[in-house]
Amino acid sequence: MDDVALAVVQHYAKVRRDLPWRRTHDPYAIWVSEVMLQQTRVQTVIPYWERWMAKFPTVRALADAPLDDVLAAWAGLGYYSRARNLHKGAQAVRESGLPSKASELRDVPGIGPYTAGAIASIAFGEKAPLVDGNVARVLARVFAITADIKSTAGQKALWSRAGELMAALPSPHAPGALNQGLMELGATICTPTGPRCLVCPLVKHCRAAIEGRQDELPVVAKRKGLDELPVLARAALWLQQGDEIVLARRRAEGLFGGLWELPQGDDRLEVARALGVTVDPDAVAYHDQVLSHRRLRIAVFRGGMPARLVAGALSGYDRIARFSLGEVGSLGVAAATTAILSKYEATPWNSIPKRSSSSPKATRRSSKGSAASGTTSRTRTSQKRRSARRRGSTS
DNA sequence: AATGCGGGGTA
DNA sequence: TACCCAGCATT
């Protein structure tokens, strides 16, 4: 057991990637990184973390910021309860500072078993174990754990092993190095498919490798296929007049809670009635998006500009307002609405560069059917409408 | 124990 | 496609 722990920290010292949050000892900075990294890849997180730390450099700065600003900085990362909880957590520890022990960190909103272990070990040097997806894979192979790693039994076995490993770590070595070393191993060598056992420092200790079972472990329950996800159909209204567009803010809990989007409802007439506008009968675009547990299909309709906006008129939202196109980029807008808006060249694209946003400007047109090319989003303009309508009309 | 909760990279 | 990502909260 101590052989394994030692091999991990020694390997980590050798190959440790130079990530931005590894250059600091600030517990808050590490906290932010760990929350962003929940179910999110390192490469995705890096630019978000950099912008976040520049905008909210301290717990106090975050605690004092309006939730709107917090969500704007998070927009695009997904799982927005992470941002809401981080904000709430910052307010909770605004005066006292972040607790240093894993057991106390667990009381902070958004900090679960993994994140508590990560902050305690990395920022405070506590010998606290952790298990994430990477560590689960590594330990399941090294110790030949055959229980489903997502199951209660599997998690129990994994945390138990992780705890033993941490207890076996010789004292001069940093607990954070063991934990990060395990994760690093899972991310770079002990990968889900095609693990590179030939260069793995644990190969001599790994039951899976020794028995040639590295492709059979870990055992993980199959997830729902794409066609098994329930489809949620929504109607969104695109209400624009000149430079101004109508956006609504979702209530702070639940899906996309607190984010701004084109006002949506179950059908176009519901939304039109709530806002007191007329709306075109035919959709100008559809946007499909796959979430963890459902598929989203948003039909986009053009309509007239409402004379007066009443907060609370549309269920599910707590605010509704007009924004100039230039302001949209500084709002917390989820990916679906961002993708829809970006299809129209009238919308300035000054929000976070998302690599694949490709050409907000190019093409369009394609008066032929075939979805507009170039973007990874599934937004596409309905075929029959596009040549006829294009922008303007109504309003 | 199961479900809700985003978005994107990749084999 | 399907899989998975430095998971957490709620039921």
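Excluded from the calculations below are hydrogen atoms, water molecules and symmetry mates; all remaining heavy atoms, backbone and side chain alike, are included. Quick note on labels: first sequence line is chain A, next is B, and so on, each numbered from 1.
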Visitor: Using a heavy-atom cut-off of 4.0 Å across all strands, would you classify R17(A) as base, sugar-phosphate, or nothing?
Guide: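 The answer is base, as R17(A) lies within the cut-off (heavy atoms under 4.0 Å) of a base atom.
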
Visitor: NA contact type, L19(A), heavy-atom cut-off 4.0 Å: base, sugar-phosphate, or nothing?
Guide: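 Answer is base: heavy atoms of L19(A) come under 4.0 Å of a base.
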
Visitor: Between Q39(A) and dG7(C), is there a side-chain N or O to OP1/OP2 distance below 4.0 Å?
Guide: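 It does, given that an N or O in the side chain of Q39(A) lies less than 4.0 Å from OP1 or OP2 of dG7(C).
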
Visitor: If you look only at distance, which donor and acceptor atoms sit under 3.5 Å apart when one is on a side chain in residues 115-123 of chain A and the other is two or more places apart or in another chain?
Guide:
{"from": "T115(A)", "atom 1": "OG1", "to": "Q38(A)", "atom 2": "NE2", "distance (Å)": "2.9"}
{"from": "S121(A)", "atom 1": "OG", "to": "G117(A)", "atom 2": "O", "distance (Å)": "2.8"}
{"from": "S121(A)", "atom 1": "OG", "to": "A118(A)", "atom 2": "O", "distance (Å)": "3.3"}
{"from": "S121(A)", "atom 1": "OG", "to": "N179(A)", "atom 2": "ND2", "distance (Å)": "2.9"}

Visitor: For T40(A), report the nucleic acid contact type (base, sugar-phosphate, nothing); a contact means any heavy atom under 4.0 Å.
Guide: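 The residue T40(A) makes base contact.
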
Visitor: Rounded to the nearest Å, what distance is computed from the CE atom of residue M36(A) to the P atom of nucleotide dG6(B)?
Guide: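 The distance from CE of M36(A) to P of dG6(B) comes to 16 Å, rounded to the nearest Å.
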
Visitor: Would you indicate which nucleotide in dC8(C), dG6(B), dG4(B) comes nearest to any side-chain atom of H293(A)?
Guide: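 Shortest atom-to-atom distance from the side chain points to dG4(B).
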
Visitor: Test: salt bridge (charged side-chain N to carboxylate O under 4.0 Å, His left out). Region: residues 73-89 of chain A. Which pairs qualify, not counting sequence neighbours?
Guide: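 Salt bridge (charged side-chain N to carboxylate O under 4.0 Å, His left out) check on residues 73-89 of chain A returns no pairs.
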
Visitor: In this structure, how many angstroms lie between the P atom of dA1(B) and the NZ atom of K156(A), rounded?
Guide: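 About 11 Å, once rounded to whole Å.
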
Visitor: Once you round it to whole Å, what is the distance between P of dT3(B) and CG of L232(A)?
Guide: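 After rounding, the gap between these two atoms is 18 Å.
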
Visitor: Mind telling me whether W52(A) and W74(A) have parallel, tilted or perpendicular rings, with 30° and 60° as the class edges?
Guide: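 W74(A) vs W52(A) ring planes: perpendicular.
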
Visitor: When you measure from the side chain of R249(A) to the backbone of G332(A), do you find a donor-acceptor pair of N or O atoms at a distance under 3.5 Å?
Guide: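 No: the side chain of R249(A) does not pair with the backbone of G332(A).
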
Visitor: Take atom OH of Y79(A) and atom C1' of dC8(C), then tell me their distance rounded to the nearest Å.
Guide: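 Atom OH in Y79(A) sits about 10 Å away from atom C1' in dC8(C).
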
Visitor: P atom, dC5(B) versus dA6(C): distance in rounded Å?
Guide: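 About 23 Å, rounded to a whole number of Å.
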
Visitor: Have a look at S33(A) and say if it touches a base, only the backbone sugar-phosphate, or nothing, with a 4.0 Å heavy-atom cut-off.
Guide: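 No contact.
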
Visitor: Between Y286(A) and R297(A), is there a cation-pi geometry (under 6.0 Å to ring centre, at most 45° from the normal)?
Guide: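 Ring-cation test returns yes.
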
Visitor: Please determine whether a side-chain nitrogen or oxygen atom of R223(A) lies at a distance below 4.0 Å from atom OP1 or OP2 of dC4(C).
Guide: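 Looking at the OP1 and OP2 atoms of dC4(C), one of them is under 4.0 Å from a side-chain N or O of R223(A).
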
Visitor: Can you tell me which nucleotide in dA6(C), dG7(B), dA9(C) comes closest to the side chain of R106(A)?
Guide: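 Nearest nucleotide to the side chain: dA9(C).
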
Visitor: Heavy-atom nearest nucleotide on DNA chain B for Q38(A) versus A153(A): which residue maps closer to 5'?
Guide: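 Its nearest nucleotide lies further toward 5', so the answer is A153(A).
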
Visitor: Taking for each residue the nucleotide of DNA chain B with the nearest heavy atom, is it T44(A) or T152(A) whose nucleotide lies nearer the 5' end?
Guide: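 Its nearest nucleotide being more 5', the pick is T152(A).
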
Visitor: Would you classify R294(A) as touching base, sugar-phosphate or nothing, given that sugar-phosphate means primed atoms plus P, OP1 and OP2, and contacts are heavy atoms under 4.0 Å?
Guide: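 It contacts sugar-phosphate atoms only.
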
Visitor: Indicate, with a heavy-atom threshold strictly under 4.0 Å, whether A187(A) touches base, sugar-phosphate, or nothing.
Guide: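 No contact.
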
Visitor: Look at the side chain of S292(A) and the base of dG4(B), then say whether one donor and one acceptor between them are separated by less than 3.5 Å.
Guide: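 Side chain to base: no pair below 3.5 Å.
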
Visitor: Using a 4.5 Å cut-off on heavy atoms from C-beta on, say whether the side chain of D282(A) contacts that of D280(A).
Guide: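 A side-chain contact is absent here, since even the closest heavy-atom pair is not under 4.5 Å.
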
Visitor: Can you tell which of dA1(B), dC4(C), dG6(B) lies closest to the side chain of R41(A)?
Guide: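 Given the options dA1(B), dC4(C), dG6(B), the side chain of R41(A) is closest to dC4(C).
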
Visitor: Relative to the 5' end of DNA chain C, which residue comes earlier, V108(A) or D227(A), by the nucleotide with the nearest heavy atom?
Guide: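 The residue mapped nearer the 5' terminus is D227(A).
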
Visitor: Using a heavy-atom cut-off of 4.0 Å across all strands, would you classify L77(A) as base, sugar-phosphate, or nothing?
Guide: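 Base, at least one base heavy atom under 4.0 Å.
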
Visitor: Is the charged tip of R51(A) near the ring of Y48(A): under 6.0 Å from the six-membered ring centre and within 45° of its axis?
Guide: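 The answer is yes; both the distance and angle limits are met.
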
Visitor: Roughly how many Å is it from CG in D215(A) to P in dA11(B), rounded to a whole number?
Guide: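 Taking CG of D215(A) and P of dA11(B), I get 16 Å after rounding.
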
Visitor: Can you tell me, in whole Å, how much space there is between the P of dT10(C) and that of dG6(B)?
Guide: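 To the nearest whole Å, 15 Å.
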
Visitor: Whole angstroms only, please: what is the NZ-C1' distance between K150(A) and dA1(B)?
Guide: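 About 14 Å, once rounded to whole Å.
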
Visitor: Of the non-hydrogen atoms in M36(A) and V45(A), which two are nearest, and what is the gap between them?
Guide: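 Here M36(A) and V45(A) meet closest at O-CG2, 3.4 Å.
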
Visitor: Can you check the W49(A) CH2 to dA6(C) C1' distance for me, whole Å?
Guide: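 Value for this atom pair: 15 Å.
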
Visitor: Answer yes or no: is there a side-chain heavy-atom contact under 4.5 Å between V93(A) and W31(A)?
Guide: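 Yes, close enough: below the 4.5 Å cut-off.
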
Visitor: Which of these nucleotides, dA2(C), dC5(B), dG7(B), is closest to any side-chain atom of Q289(A)?
Guide: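 Nearest listed nucleotide: dG7(B).
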
Visitor: Which of residues 134-142 of chain A have a heavy atom under 4.0 Å from DNA chain C?
Guide: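 N134(A), R137(A) - these, ordered by number, are the residues of the stretch whose heavy atoms sit under 4.0 Å from the strand.
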
Visitor: Expressed as a whole number of angstroms, how long is the span from Q155(A):CD to dG7(C):P?
Guide: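 Atom-to-atom, Q155(A) to dG7(C), this comes out as 11 Å.
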
Visitor: Using only modelled atom types and a 3.5 angstrom limit, is any donor from either the side chain of R82(A) or the base of dC5(B) paired with an acceptor on the other?
Guide: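 Counting by modelled atom types and ignoring angles, no donor-acceptor contact under 3.5 Å is found here.
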
